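Data first, discussion second: the structure below is written as structure tokens.
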Amino acid sequence: MLGAPSPSCSDPVLTKSQNEIRVVYSTLDVKSWMGALPSAADVRPATCRCCGTPGEAVGERVALQGHGVRWRTQTGPDAVDGVPFDDEVPTRRYRCLACGAVITVLPAGLLPRTRYRPTAVVLALALWALSGLASVAVRRRMAPQGTPSQEAKRGWPSLRRWARQAWTWWGLRVPASGSASTRERVEALLQRLAARARDGTAELVSAAVEVAAHFDGHGVSATPQEAPTS
């Protein structure tokens, strides 16, 4: 039996943490996901991330019902020497009948709430903080041809946000702020990512970008959950 709606989940004014738990990641990567979009039943989350109601309890009504498909643009290069490009990725949405929350299921490799690929984010940070490239120039390097000229001429405030947020995306412990410069924080991030690379002899940025490509979403919330796959 489904309970009454939970105010914290159905309230449209959400705190950052409440909003983050609405995203669930599948174990399928972007390439597999786009090759054959899984059905709503295939990637239905086991429970609602807001109220904990089982998504499809045996003998009961399905609580997490399919709520349509939304398309997400992802852009930027997919390798250090890659050419930036756009593509559209479908994401599945579910509405919880118990609390009203809408849960979005994303494939592994798609960052939450940013259009840029994980590889593009890490490469952009390296070019900006380590190579000293101006944010406008970095944006041009990461954007496909045909990006509106006015957008390409503006600075890129997202870089500072990514320098702070990328740690949690990859499940890394955020270092104490102290007196470290942005450059030092980015270099530390790259080193932590590169330490996970299969090839321990690879150049720092290349190794970090390789690891970034395998983003699985486990750093998005404090209690990560994978959507089941068929």
Side-chain angles (χ1 to χ4, degrees), residues 16 19-20 23 25-26 29-31 33-34 71-89 91 104 106-148 151-152 154-175 177 180-198 202-221 224:
K16 181 175 181 291
N19 197 33
E20 282 182 344
V23 174
Y25 276 85
S26 170
D29 60 23
V30 171
K31 183 176 180 180
W33 183 283
M34 293 180 69
W71 290 82
R72 282 270 309 274
T73 299
Q74 64 167 2
T75 193
D78 58 3
V80 169
D81 56 354
V83 176
F85 64 99
D86 285 338
D87 57 16
E88 299 291 320
V89 181
T91 66
T104 299
L106 306 180
L110 190 66
L111 285 173
R113 300 173 188 87
T114 181
R115 61 182 287 197
Y116 285 87
R117 291 181 174 81
T119 48
V121 167
V122 171
L123 183 56
L125 288 174
L127 291 171
W128 175 61
L130 301 190
S131 300
L133 208 59
S135 63
V136 172
V138 175
R139 191 171 196 163
R140 291 199 193 103
R141 288 277 298 271
M142 295 300 106
Q145 291 185 353
T147 298
E151 179 180 332
R154 293 198 298 266
W156 208 5
S158 293
L159 291 170
R160 292 192 180 278
R161 176 172 57 83
W162 290 345
R164 297 189 304 270
Q165 193 172 33
W167 291 83
T168 57
W169 280 340
W170 279 278
L172 300 171
R173 184 183 296 277
V174 181
S177 54
S181 66
T182 300
R183 182 188 185 284
E184 290 169 335
R185 291 172 65 85
V186 170
E187 186 171 10
L189 171 67
L190 296 176
Q191 289 172 344
R192 294 287 297 279
L193 288 173
R196 299 179 176 182
R198 289 175 300 219
E203 184 268 335
L204 176 63
V205 175
S206 296
V209 168
E210 175 198 326
V211 172
H214 300 291
F215 172 78
D216 61 12
H218 283 184
V220 172
S221 64

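One is the number of the first residue; the rest follow in order along the sequence. Everything numeric in this text was worked out from a predicted model, so none of it was measured.
- With contacts defined as side-chain heavy-atom distances shorter than 4.5 Å, the pair Asp78/Phe85 qualifies.
- The side-chain contact (heavy atoms from CB on, under 4.5 Å) test applied to Thr75 returns Asp86, Arg115, Tyr116, Pro144, not counting sequence neighbours.
- Using a 4.5 Å cut-off on side-chain heavy atoms (C-beta onward), Pro107 and Val89 make contact.
- For the pair Leu106/Arg72, a side-chain contact is recorded, criterion being any heavy-atom separation below 4.5 Å from C-beta on.
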Side-chain donor-acceptor contacts of residues 120-135 below 3.5 Å, not counting sequence neighbours, with atom names and distances?
{"unit_1": "Ser135", "atom_1": "OG", "unit_2": "Trp156", "atom_2": "N", "d": "3.4"}

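- The shortest heavy-atom contact between Ala197 and Ala207 is CB-CB, 3.8 Å.
- Distance check: Arg173 CZ to Arg192 CZ gives 8.5 Å after rounding to the nearest 0.5 Å.
- The heavy-atom pair separating Ala163 from Thr182 by the smallest distance is CB-CG2, 4.3 Å.
- Closest approach of Thr119 and Pro77 over heavy atoms only: OG1-O, 2.8 Å.
- Among all heavy-atom pairs drawn from Phe215 and Trp169, the shortest one is CE1-O, 3.0 Å.
- Residue pairs meeting the salt bridge (Lys or Arg N to Asp or Glu O under 4.0 Å) criterion with at least one partner in residues 116-135, sequence neighbours excluded, are Asp87-Arg117.
- Heavy-atom neighbours of Arg160 CZ from other residues, nucleotides or ligands within 6.0 Å: at or below the threshold of 12.
- Shown here for Val211 and Trp170, the closest heavy-atom pair between the two residues is O-NE1, 4.2 Å.
- To the nearest 0.5 Å, the span separating CG on Leu193 from NE2 on His214 amounts to 12.0 Å.
- Counting all heavy atoms, side chain and backbone alike, Tyr25 lies closest to Leu111 at OH-C, 3.7 Å.
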Apply the test side chain to side chain contact (heavy atoms under 4.5 Å, CB included) to residues Leu172 and Arg196: give CA-CA distance (whole Å), side-chain angles for both, the deciding distance (0.1 Å), then the verdict. CA-CA 11 Å; Leu172 300 171; Arg196 299 179 176 182; 3.0 Å; yes

Does the pair Trp33 and Leu110 meet the rule for a side chain to side chain contact (heavy atoms under 4.5 Å, CB included), with working shown? CA-CA 11 Å; Trp33 183 283; Leu110 190 66; over 6 Å; no

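- In this structure, the separation between OG1 on Thr114 and CZ on Arg161 is 5.5 Å, given to the nearest 0.5 Å.
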